[in-house]
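Reading through the structure tokens given below for one structure.
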There are 2 protein chains.
Amino acid sequence: MNTTPNLTKNQSLVLDVLTRSEAPLSAYTILDKLRDSGFRAPLQVYRALDKLIEMGIAHRLESLNSFVACAHANESCCGHAHGHGHHGTVAFAICESCGQVNEFHDHAIDDRLAGWAKERKFKPSKTTIEIRGLCEACMH
Amino acid sequence: MNTTPNLTKNQSLVLDVLTRSEAPLSAYTILDKLRDSGFRAPLQVYRALDKLIEMGIAHRLESLNSFVACAHANESCCGHAHGHGHHGTVAFAICESCGQVNEFHDHAIDDRLAGWAKERKFKPSKTTIEIRGLCEACMH
DNA sequence: GTTCGTTGTGTTATGCTATAACGTGTGGCA
DNA sequence: TGCCACACGTTATAGCATAACACAACGAAC
Ligand SMILES: [Zn+2]
Ligand SMILES: [Zn+2]
Ligand SMILES: [Zn+2]
Ligand SMILES: [Zn+2]
């Protein structure tokens, strides 16, 4: 099974940097890490990120203006098929001390939001759920 | 206008602009609208916004880098006291066509997120929930 | 194989968002 | 009076994102 469908060179480089990183990275940080690989301009990063996000193998954290590799790229979780280009709504818990990010999803929350939307005839396209706080390791 | 305690002049001006607006406003848009009132620099807007948000009478929309007046400032909803300086986690439905924002909260979602956090000993400080999509009026 | 549209790429310039750093003024209070 | 906390004003700078243009690579259509 091929988990990574035909990434271009730039997309692979960006995904690689994201995957290796413990914490989310800003586009400009990614750029700096890829200068030795030939990257010269922000747009090279943003274009790669756009595609990776579109494919569902990277995510943007709105509250940080940063990006992470998807933690579920090759899983199918809770019996829901989950890779292949896009997955459902996902939530992030972000530690404000160590920067670690935990990606998860919760069908009860999804259902609740979907219910709200249906009642009001609102058609969701993208949902952001981000919890900022302190992880267990960083609490005193 | 504002039943709110002791806002400074700049804070009142910013809140007023937000309240009158149908859609979220960026800090720089607010600045432009307040030039005639003497505003000259972004920081004047950001400082006022910081306080308003801290008081819970304005909100930041992370996915838009924009700001709205709180829709619940003077309500106590679902039997939960709700004004007075800060209220619980709130969600936003944002129409990508007309820009209209609908602020709501859902205790089931709150409970779910709180449960997730408790299980992992994660201590939340601020939670962002934003649904982008199309409102009923804007659907074809 | 040539034509042509699509997609990725490279580069420069620009615009939008947010904060640092420093200084002033005002009101409350010992 | 002296002090402190806090709002305010201003300039400069940092950080995030896209517009606009040009070129190369690829595959499908003819
Ligand atoms: Zn994911
Ligand atoms: Zn941590
Ligand atoms: Zn509110
Ligand atoms: Zn709409």
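- Remark: ring of B:Y46 not stacked against base of C:dT19; the cut-offs of centroid gap under 5.5 Å and plane tilt under 30° are not jointly satisfied.
- Checking side-chain atoms of A:S66 against main-chain N and O of A:L64 turns up a donor-acceptor pair under 3.5 Å.
- Side chain of A:F67, nearest nucleotide from C:dG10, C:dT17, D:dA17: D:dA17.
- Using a 4.5 Å cut-off on side-chain heavy atoms (C-beta onward), A:L61 and A:E130 make contact.
- One can place CG of A:L61 at 15 Å from C1' of D:dC16, the figure rounded to the nearest angstrom.
- B:Q44 places its CD atom 16 Å from the C1' atom of D:dC6, with the value rounded to the nearest Å.
- Under 4.0 angstrom from either OP1 or OP2 of C:dA18 there lies at least one side-chain N or O belonging to B:R60.
- One atom, CD of B:E54, and another, C1' of D:dC6, lie 12 Å apart when rounded to the nearest Å.
- The nucleotide whose nearest atom lies closest to any side-chain atom of B:R47 is, among D:dC8, D:dA20, D:dA17, D:dC8.
- Considering only side-chain N and O atoms, A:K9 lies nowhere under 4.0 angstrom from the phosphate OP1 or OP2 of C:dT9.
- Proximity note for B:P42 (side chain, C-beta onward) versus C:dT9, C:dT11, C:dT19: the nearest is C:dT19.
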Chi angles and distances behind the side-chain hydrogen bond (donor to acceptor under 3.5 Å, both in side chains) call for A:E96, B:S125: CA-CA 9 Å; A:E96 294 181 304; B:S125 62; 3.0 Å; yes

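- Here the nucleotide nearest the side chain of B:L43, chosen from D:dA7, D:dC16, C:dA21, is C:dA21.
- Across all strands, A:A27 comes closer than 4.0 Å to no nucleic acid atom at all (heavy-atom distances).
- If you look at A:F67 and A:H59, their ring centroids are not closer than 6.0 Å.
- Going from atom CD1 of A:I53 over to atom C1' of D:dA17 covers 13 Å, rounded to whole Å.
- Straight-line distance from the CD atom of B:E62 to the P atom of D:dC16: 14 Å, rounded to whole Å.
- Aromatic ring orientation, B:F104 versus A:W116: parallel (interplanar angle below 30°, classes split at 30° and 60°).
- Along DNA chain D, the nucleotide nearest to B:T8 and the one nearest to B:A41 differ in position, and the one closer to the 5' end is contacted by B:T8.
- The CG-P distance, from B:D32 to C:dG15, rounds to 14 Å in whole Å.
- What separates CG of A:N65 from P of D:dA14 is a distance of 18 Å, to the nearest Å.
- In this structure, the CG atom of B:L49 is 12 Å from the C1' atom of C:dT17, given to the nearest Å.
- Taking only distance into account, the side chain of A:Y28 meets the base of D:dA17 through a donor-acceptor pair shorter than 3.5 Å.
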